[in-house]
Asks: 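Here it is, the structure, as structure tokens.
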Amino acid sequence: MGIPARLVIISSFFLLYSTAAIGRDKPVPEEYGRVIINNFSSRAGLAPVRFNHWLHRAIFTCRLCHVDIGFAMQANETKIKADTIVKGFYCGACHNGARIYSGRKIFAACSTKTVKPEERKRCDRCHSVGKNLEKKIDYTSFTAQLPKQKYWNLVDWEEAEADWLIRPIDFLEGVSVQRPALNAQKDFSITSKSTWMPDIIFSHKKHNEWNGCEVCHPEIFPSVKKDAVKYSMLEISGGQYCGVCHGRVAFPLDECERCHSKPVAR
Amino acid sequence: MIKHIMLAAIVIVIAIFSVIQIVSEKVPFLSAGTAYAQDEWKKEFDALCSETQDAMLMSHEKLHDLVARCDALKPRIESLDESQRKVMLKRLKMCKDFYVYVLQSKESK
């Protein structure tokens with residue numbers, strides 16, 4: 001393919017991509033990864049739950065919550081009930097009023113008894129959608145010292161961990177399974193579908209450390225043969241495959257070079 | 001007379017043991033036997049799910065064995081209370097599905 005033809009293709013791609021990007025909402029850092037949970041809240045006369053990924057992912061690995069505690073990877077799929085939380089499952093694995101983090105007891109979530117008016121504030125800490133409440137932990141001050149990504153001013157969690165600014169916990173006493181040290185699979189390349197786009201270097205090590213194996217396989221990536229399935233950006237931006245996390249909680253898809261990082265050699 | 005007293009005592013003892021048996025089935029923490037059984041399934045669960053990250057290095061036989069043990073543990077978890085059942089079944093499924101995935105992945109090579 002000649003250089004002018006390549007230039008036309010690349011220009012068209014960026015034109016199309018930027019048009020699509022304009023149509024998409026720019027992520028608000030504080031709201032990035034936010035999950036609104038409302039399986040049962042409204043029916044119980046409570047506001048839906050506002051779950052902030054940024055606060056929890058600064059403290060815990062993805063695996064701790066999505067494997068050891070058992071939260072589903074899709075919003076509202078877990079169908080969490082108050083009595084399950086009170087029994088020490090899901091949010092109640094930590095939010096039990098007894099577990100201590102950073103020298104402070106983690107507040108207890110939910111109750112199966114009638115809550116006294118003075119205790120309502122505790123409910124509001126999670127059931128906060130549509131309420132203008134004073135925040136116990138403010139996003140701006142919490143993330144002030146953390147490195148930011150190239151786009152959208154989102155926190156670069158990978159760099160934050162590399163700089164020892166966060167140390168995500170991967171083991172919860174009484175909940176997690178004791179695992180031996182990790183034997184990470186090697187990083188590998190995935191051939192880009194487009195000749196002008198660099199191939200992807202997939203970091204198995206990074207994904208293993210934060211997610212474990214069973215978060216991704218087989219639920220998100222069921223294919224058992226390498227290169228048997230061609231993942232398209234359309235599917236990924238639609239929330240499939242890498243898009244289950246990237247573009248929702250993990251770094252957004254705009255940062256092409258973080259995945260398409262192998263120099264073009266064709 | 002003594003025979004009657006002994007017979008009554010035996011009946012009372014049997015009745016007490018029966019009541020204890022029934023109550024302990026309904027209230028697990030009263031029964032050491034049940035508590036031990038709970039430990040047993042949890043130990044097996046931990047043993048099964050602690051090996052996922054080494055699955056790629058395992059033999060076919062070992063993976064088949066882990067899958068079979070996951071299947072054998074499932075009915076035990078299904079007998080737990082609703083909350084525990086929901087959480088632990090999902091966690092067990094994740095482990096089993098991953099071992100099956102690795103097996104299929106190895107077989108496809």
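Side chains are part of it too, since the values below use all heavy atoms of this structure and drop only hydrogens, waters and symmetry mates. The chains referred to below are lettered A, B, ... by the order of the sequence lines, with proteins before strands, and numbering in each begins at 1.
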Asks: State, to 0.1 Å, how close A:Val177 and B:Asp46 come at their nearest heavy-atom pair, and which atoms those are.
Replies: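 Nearest pair, atom of A:Val177 first, then B:Asp46: CG1-O, 3.4 Å.
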Asks: Which region of A:Lys81, side chain (C-beta onward) or backbone (N, CA, C, O), has a non-hydrogen atom less than 4.5 Å from a non-hydrogen atom of chain B, or is it both or neither?
Replies: side chain
Asks: Under a 4.5 Å heavy-atom cutoff, which of A:Val175, A:Ile69, A:Asp83 has the most pairs with chain B?
Replies: A:Val175
Asks: Can you measure from CD (B:Glu51) to SG (A:Cys213) and round to the nearest 0.5 angstrom?
Replies: 12.0 Å
Asks: Considering only heavy atoms, give the residues of residues 88-95 of chain B separated from chain A by less than 4.5 Å, sorted numerically, with 'none' for an empty result.
Replies: B:Lys90, B:Arg91, B:Met94
Asks: Side-chain contact test, heavy atoms from C-beta onward, threshold under 4.5 Å: evaluate it for A:Tyr90 versus B:Lys86 and give yes or no.
Replies: yes
Asks: Within a 6.0 Å radius of atom NZ on A:Lys113, are there more than 12 heavy atoms belonging to other residues, nucleotides or ligands?
Replies: no
Asks: Tell me whether the count of non-hydrogen atoms from other residues, nucleotides or ligands lying under 6.0 Å of CG in A:Leu234 goes above 12.
Replies: no
Asks: Give a yes or no on whether the backbone of A:Pro180 and the side-chain of B:Gln53 come within a donor-acceptor separation of less than 3.5 Å.
Replies: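 The answer is yes, because a donor-acceptor pair under 3.5 Å joins these two groups.
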Asks: Test side-chain contact (heavy atoms from CB on, under 4.5 Å) on A:Gln178 and B:Ser50; report intermediate values, then the result.
Replies: CA-CA 6 Å; A:Gln178 197 89 45; B:Ser50 65; 5.8 Å; no
Asks: Please classify the contact of B:Glu82 with chain A as side chain, backbone, both or neither, using a heavy-atom distance under 4.5 Å.
Replies: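 Only the side chain of B:Glu82 comes within 4.5 Å of chain A.
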Asks: Determine whether more than 12 heavy atoms belonging to other residues, nucleotides or ligands lie under 6.0 Å from atom CZ of A:Arg104.
Replies: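 Open: at most 12 neighbouring heavy atoms sit under 6.0 Å from CZ of A:Arg104.
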Asks: Between B:Tyr101 (side chain only) and A:Glu214 (backbone N and O only), is there a donor and an acceptor less than 3.5 Å apart?
Replies: no
Asks: State, with a plain yes or no, whether a side-chain heavy atom of A:His217 is found less than 4.5 Å away from one of B:Asp97.
Replies: no
Asks: Any chance NZ of B:Lys74 has more than 12 other-residue heavy atoms, nucleotides or ligands included, within less than 6.0 Å?
Replies: no
